[in-house]
Amino acid sequence: MANMFRFSSIPFRQVQIDDPFWNERLRVNHEHSLPKQYDMCERTGRFDALKLQWKPGLPKRPHFFWDSDTAKWLEAACYACAVRPDPELRARIDRVAALFVGAQLTDGYLNAYFTVCDPERRWKNLKFNHELYCAGHIFEAAVAHHQLTGSEEFLQAACRFADYIDSVFGLGDGKLPGYCGHQEIELALVRLYRETGERRYLDLSAYFINQRGQRPLWFDIETQGIPRDFLPLDAPPSYLQAHVPVREQKEVVGHAVRAVYMYCAMADLARETGDDSLLQACETLWHDMESGKVYITGGIGSTWQGEAFTTPYDLPNERAYCETCASVALVFWAQRMLQHSGERKYADMIERALYNGALSGMSLDGRKFFYQNPLLSFGHHHRSDWFDCSCCPSNLSRLLGTLGEYLFSETARELRVHLHIGATARFTLGGRAEGTLRQQGDAPWGGNVRYDISVPSPLEFVIAVRVPDWAGAVKAVRVNGTPQPPEVRDGYLHLSRVWGEGDTVEVEFPMEAQRVISHPKLAGNAGQVALQRGPFVYCIEDHDFAGSVLEVSLPGGARLSESREALQPGGESFLVLEGRGVTAAPPEDGALYRPASASSQKEIAFKAIPYFAWDNRSPGAMRVWIPETGVA
């Protein structure tokens with residue numbers, strides 16, 4: 001079977017991050033965010049629920065998606081411990097893994113809520129009850145735990161659960177021809193297959209994907225037997241991406257996280273089975289998303305009503321939902337699509353979502369979180385300690401724990417660099433030869449990067465370095481100190497030669513602040529610009545202005561300077577943009593409307609900070625898209 005996917009990602013365990021910006025993000029995640037999440041799971045009863053001791057009348061009644069919160073923390077903690085061994089964290093990991101193993105019933109079923117709160121409704125409401133979704137996160141946690149510890153106990157529990165699910169679902173006699181309302185198990189089963197080699201798990205994933213949207217629709221059949229007062233909400237099939245079979249879906253619709261998790265599974269199945277029709281569907285859906293349904297921050301799911309995609313160019317700023325989980329999921333999907341073709345657009349999207357829409361979900365100290373990530377705030381949207389639905393904090397921690405996996409890909413004859421993050425990678429070129437590539441530079445604030453190559457003997461291969469969309473070109477290339485003409489194809493700088501021990505490559509990319517405008521059909525941004533420098537989208541906050549940023553404009557052509565500034569006392573410094581802006585004076589009589597001729601403006605100092613870092617200082621309004629006035 002020919003593999004349609006040209007590249008293989010270098011696993012994060014073979015990549016050692018050493019980058020001032022990302023070192024701090026990973027430290028904060030390890031030392032503050034994961035402990036905070038553990039504490040909140042403990043305090044809210046999520047861990048205790050797995051002891052199966054709750055009874056009616058007791059507080060902290062389990063919720064049907066709590067197992068997913070617990071499992072995602074466990075998975076994220078395993079990644080963090082793999083990168084940086086930590087005895088205290090390891091002890092917590094072992095404790096939580098043992099709770100999952102102990103909560104499993106003799107038939108293999110594993111779900112704390114339905115075991116103690118509602119045992120009669122097992123598999124009775126797949127549309128809303130997240131049973132299979134929770135199972136998927138348990139499978140992913142079990143794989144991560146096995147890879148960290150080598151212990152078989154939790155992995156075998158996950159396999160027993162998967163075997164039980166396989167006995168329940170399918171098209172055979174006596175089986176339920178259903179699937180989950182919230183996709184996740186599909187991609188998790190592929191991971192379980194890769195870890196165990198058990199083909200039935202791959203086949204079960206394919207069943208869930210292939211059955212979705214087939215007529216008659218399972219959710220129509222299922223809800224006929226559910227009392228109306230038991231249905232927590234209603235939703236059309238398109239909200240669940242179950243309106244038509246997946247290969248016939250042409251537009252990204254419905255709940256954004258569910259959709260993108262499904263697309264991840266479709267890409268995984270395409271890779272494992274050679275099913276080109278699934279890959280073609282992914283490419284069609286990607287084009288629909290990127291052409292009119294994604295924010296400049298890499299946020300997706302524009303509406304609060306259902307955390308969902310809407311219509312093309314419907315990307316409001318103040319009411320933008322942009323769930324942190326959705327940006328994280330977009331990174332997951334883009335990574336899979338990148339391995340197919342190596343196209344730069346997928347790496348560009350990984351970078352955009354990673355540095356902006358996803359990273360904004362965690363405060364600089366790692367102790368507070370965003371669930372929604374709007375691009376305009378009137379001053380009422382702030383980070384929270386926790387959420388009743390707490391999927392986002394641990395999801396971002398999962399992503400940070402595997403950051404190294406998004407930097408490099410390889411074939412037998414090519415090593416491809418996607419993200420310019422300081423790191424050392426061990427590559428094998430598809431088993432052809434072993435070597436290391438060290439990447440270092442002044443990213444993300446500067447455009448200089450250096451590569452040091454180490455191979456045991458001279459070896460011919462290609463090093464392909466992504467030319468970011470924000471750079472647009474290569475400023476200079478030097479191999480062993482000698483300037484080279486840049487050869488750029490498909491958005492990557494290609495360097496082909498026989499590489500030897502101690503060879504070096506130096507690349508310079510232009511990096512300067514840019515004003516970005518929207519498509520004319522994105523009417524909400526008419527007359528406004530966003531600021532971007534390198535991978536970062538910038539925003540303005542009330543903290544940096546005497547008045548409100550809601551009154552600030554930026555003159556067209558006004559020069560912006562750059563400086564480094566710590567946004568918190570004693571904290572790390574970030575590059576901020578400064579210049580001269582204007583502010584509109586409010587009318588003395590407070591009139592809501594007035595003739596344009598009566599308006600007046602005054603010049604003010606202007607400052608913009610990276611979007612991911614907003615709401616870490618004094619509370620106030622924020623905006624990404626800034627009105628642009630006449631030429632300065």
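Nothing here was measured: the structure is a model prediction, and the numbers come from that model. Computed over heavy atoms, backbone and side chain alike; hydrogens, waters and symmetry mates excluded.
- Distance alone, capped at 3.5 Å, places no donor-acceptor pair between the Glu198 side chain and the Thr196 backbone.
- In terms of heavy-atom proximity, Pro610 sits nearest to Leu575 at CD-O, 3.8 Å.
- With respect to Trp499, the side chain to side chain contact (heavy atoms under 4.5 Å, CB included) criterion is satisfied by exactly one of Leu437, Val505, Val462, Leu459: Val505.
- Between atom CG of residue Leu330 and atom CE of residue Met349 there is a gap of 5.5 Å, rounded to the nearest 0.5 Å.
- Between the side chains of Asp275 and Thr273, not a single donor N or O lies within less than 3.5 Å of an accepting N or O.
- Between Ile296 and Val537 the shortest heavy-atom distance is O-CG2, 3.6 Å.
- A donor atom on one side chain and an acceptor atom on the other are not found under 3.5 Å apart for Asn395 and Thr324.
- Using a 4.5 Å cut-off on side-chain heavy atoms (C-beta onward), Phe139 and Phe161 make contact.
- With hydrogens and angles left out, the side-chain atoms of Asp452 and Thr504 include no donor and acceptor closer than 3.5 Å.
- Between Phe369 and Leu396, the closest side-chain pair of non-hydrogen atoms is not below 4.5 Å.
- Judged by distance alone, the side chains of His418 and Arg466 never bring a donor and an acceptor atom under 3.5 Å apart.
- Not a single donor-acceptor pair under 3.5 Å links the side chain of Ser9 to the backbone N or O of Pro11.
- Aromatic pair Tyr611/Tyr538: centroids not less than 6.0 angstrom apart.
- In summary, Arg533 and Glu562 engage in a salt bridge, as defined by a charged side-chain N under 4.0 Å from a carboxylate O.
- The list of salt bridge (charged side-chain N to carboxylate O under 4.0 Å, His left out) pairs with a residue in residues 352-363, not counting sequence neighbours, reads Arg352-Asp469.
- Without hydrogens or angle criteria, Ser394 side chain to Ser397 main chain gives no donor-acceptor distance under 3.5 Å.
- Across all non-hydrogen atoms, the minimal contact from Leu400 to Arg25 is CD1-O, 4.5 Å.
- Of the N and O atoms on the side chains of Ser277 and Arg247, at least one donor lies less than 3.5 Å from an acceptor on the other residue.
- In this structure, a donor-acceptor pair under 3.5 Å is present between the side chains of Gln439 and Tyr451.
- Checked by atom type, the side-chain pair Gln339/Ser8 shows no donor-acceptor distance below 3.5 Å.
- For Ser454 and Glu501, the side-chain atoms include at least one donor-acceptor pair closer than 3.5 Å.
- A cation-pi arrangement is present between Arg416 and Tyr492 under the rule of less than 6.0 angstrom and at most 45 degrees off the ring axis.
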Phe408/Val15 under side chain to side chain contact (heavy atoms under 4.5 Å, CB included): CA gap, chis, key distance, verdict: CA-CA 9 Å; Phe408 309 101; Val15 178; 4.1 Å; yes
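- Between Tyr38 and Trp73, the ring planes are tilted. Angles from 30° to 60° get that label.
- The list of salt bridge (charged side-chain N to carboxylate O under 4.0 Å, His left out) pairs with a residue in residues 391-400, not counting sequence neighbours, reads Glu75-Arg398, Glu140-Arg398.
- With no hydrogens or angles considered, no side-chain donor-acceptor pair links Tyr295 and Asn356 at under 3.5 Å.
- Formation of a donor-acceptor pair under 3.5 Å by the Thr428 side chain with backbone atoms of Glu434 is not found in this model.
- Inspection of the Asp67 and His137 side chains reveals no N or O donor paired with an N or O acceptor under 3.5 Å.
- The ring of Phe509 has its center closer than 6.0 angstrom to the ring center of His420.
- Checked options Arg95, Glu88, Arg90; the residue passing with Arg92 is Glu88 (criterion: side chain to side chain contact (heavy atoms under 4.5 Å, CB included)).
- Asp365 and Ser363 are linked by a side-chain donor-acceptor pair at a separation below 3.5 angstrom, with hydrogens and angles left out of the test.
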Side chain to side chain contact (heavy atoms under 4.5 Å, CB included) assessment of His182 paired with Tyr261: CA-CA 9 Å; His182 194 312; Tyr261 280 172; 4.1 Å; yes
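- Remark: His340 engages Phe5 in a ring pair (Phe, Tyr, Trp, His ring centres under 6.0 Å) (not counting sequence neighbours).
- The ring pair (Phe, Tyr, Trp, His ring centres under 6.0 Å) search around Phe536 returns Phe21, Tyr355, Trp445, Phe612, not counting sequence neighbours.
- Note on Arg497 versus Glu460: no salt bridge recorded, every NZ/NE/NH1/NH2 to OD/OE distance being 4.0 Å or above.
- Side-chain atoms of Glu195 and His146 form a donor-acceptor pair, as typed in the model, at a separation below 3.5 Å.
- A donor-acceptor pair is defined here as one N or O able to donate and one able to accept, closer than 3.5 Å; such a pair exists between the side chain of Glu410 and the backbone of Leu429.
- Legend: residues meeting ring pair (Phe, Tyr, Trp, His ring centres under 6.0 Å) with Phe427, ordered by chain and number and at least two apart, are Phe461.
- A distance-only check finds a donor-acceptor pair linking the side chain of Arg432 to the backbone of Ala412 [under 3.5 Å].
- With hydrogens and angles disregarded, a donor-acceptor distance shorter than 3.5 Å links the side chain of Gln249 to the backbone of Gln241.
- Side chains of His494 and Glu487: no donor on one and acceptor on the other come within 3.5 Å.
- Tyr406 pairs by the ring pair (Phe, Tyr, Trp, His ring centres under 6.0 Å) definition with nothing, not counting sequence neighbours.
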